[in-house]
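Remarks on the structure that follows.
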Amino acid sequence: MNETILRTEGLKTFYILDVFGAQKVVKAVNDVNLNIRTNEVYGIAGESGCGKTTLLKALAAAIEPPLRLVDGYIFYYIDGKAVDVATLSPEAKRRLRLDYIAYVPQGSMSALNPVIKLKETYQDFISSHVSGKSKEETIQLAERHIAELGLPPKILDSYPHQLSGGMRQRVTIALAALLKPSIIIADEPTTALDVVVQRGVVQLLMDIQKKLKNTIILVTHDMGVQANIADRVGIMYAGKIVEESTTEKIYGDPQHPYTQFLINSLPQFGDKSTRQSVPGSPPSLIDLPSGCAFHPRCPHAMKICMEQTPDLITLDTDHKVACWLVGGEHGKTA
Ligand code: SF4
């Protein structure tokens with residue numbers, strides 16, 4: 001098994017809002033324990049509004065006031081040593097983000113400066129990370145890198161708006177990989193792209209991971225994309241990881257009713273029956289249901305589900321589930 005590169009313990013990230021004088025707490029990430037490894041693609045899936053992006057930002061040490069990292073720990077394993085992110089100075093956090101992690105935000109336009117050509121964006125990026133390189137050297141480095149990833153070097157003479165959405169997204173991902181980061185954190189990199197273009201973006205991520213043997217943490221609600229690229233998948237619901245396993249087990253033997261709905265909603269070759277979607281809507285993160293937050297939508301809900309929150313328990317190696325149906329006195333396997 002690969003070594004741990006990033007670990008969280010009881011991570012909570014809440015937004016404290018002032019709504020007409022009343023304080024409201026948005027529990028976007030609520031007690032998340034992750035153990036992400038070197039040389040793997042870890043996928044995080046779930047419906048919109050379940051806290052995926054906040055979790056990614058917390059992992060990238062990019063949560064700033066007025067957001068509050070209320071509780072819990074994030075450890076990065078750098079040269080084999082665990083570094084507690086909370087103990088780092090703002091400057092050390094900035095260096096961690098620059099040297100160790102690359103963050104690909106949602107929407108490629110937000111990562112690229114719209115009023116300068118891509119080669120200038122590359123120059124800015126390289127000169128802010130690597131000292132002592134001349135302008136010509138940074139352009140040569142950018143051209144070489146773009147060509148190695150199978151993208152046409154002439155795109156460096158373009159402005160972002162002159163490229164298609166798919167090409168812009170690939171340029172953004174290529175930029176993130178330029179300095180060989182140990183971890184690439186990608187937030188919905190295939191959103192709003194058609195399936196053919198999505199395939200190019202997914203392939204680029206896979207090529208980069210194969211080449212660098214680094215870690216990619218990929219958030220997408222698209223279970224088809226997760227199936228293609230992820231080694232392990234964590235299913236997130238209402239700020240919590242409710243199931244985590246290898247991609248094979250998540251798709252082949254999902255245990256949590258929410259995961260089962262997500263898998264069953266996927267189109268299957270040759271099956272023309274109507275796909276089943278998750279009933280109801282995700283809960284407000286300001287006003288979560290009692291007990292298991294999925295209980296108002298769950299066809300198997302029992303009394304205990306409304307009263308007590310199930311822990312994420314280990315079923316077998318690499319398979320964890322938080323559901324009263326599984327592995328306990330109320331469960332099938334009891
Ligand atoms: Fe459904 Fe209960 Fe399991 Fe929640 S704990 S998913 S409500 S069976």
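Predicted model only: the values in this text are computed from it and were never measured. Counting starts at 1 for both ligands and their atoms, in listed order. What you see below is based on every heavy atom in this structure, not just the backbone, and it leaves out hydrogens, waters and symmetry mates.
- Of all the atoms in ligand 1, the ones that sit under 4.0 Å from a non-hydrogen atom of His256 are 6 (S).
- For the atom pair Ile36 CD1 and Leu34 CG, the distance stands at 5.0 Å (nearest 0.5 Å).
- Side-chain N/O atoms of Gln226 and Tyr251 include no donor and acceptor closer than 3.5 Å.
- Aromatic ring orientation, Tyr237 versus Phe294: perpendicular (interplanar angle above 60°, classes split at 30° and 60°).
- Rounding to the nearest 0.5 Å gives a distance of 8.5 Å between CG of Asn228 and CZ of Arg199.
- Between Tyr76 and Tyr100, the ring planes are perpendicular. Angles over 60° get that label, and only those under 30° would be called parallel.
- Ordered by chain and number, Cys305 SG make up the set of protein N, O or S atoms under 2.8 Å of atom 2 (Fe) of ligand 1.
- Around the NZ atom of Lys303, the shell of radius 6.0 Å holds no more than 12 heavy atoms that belong to other residues, nucleotides or ligands.
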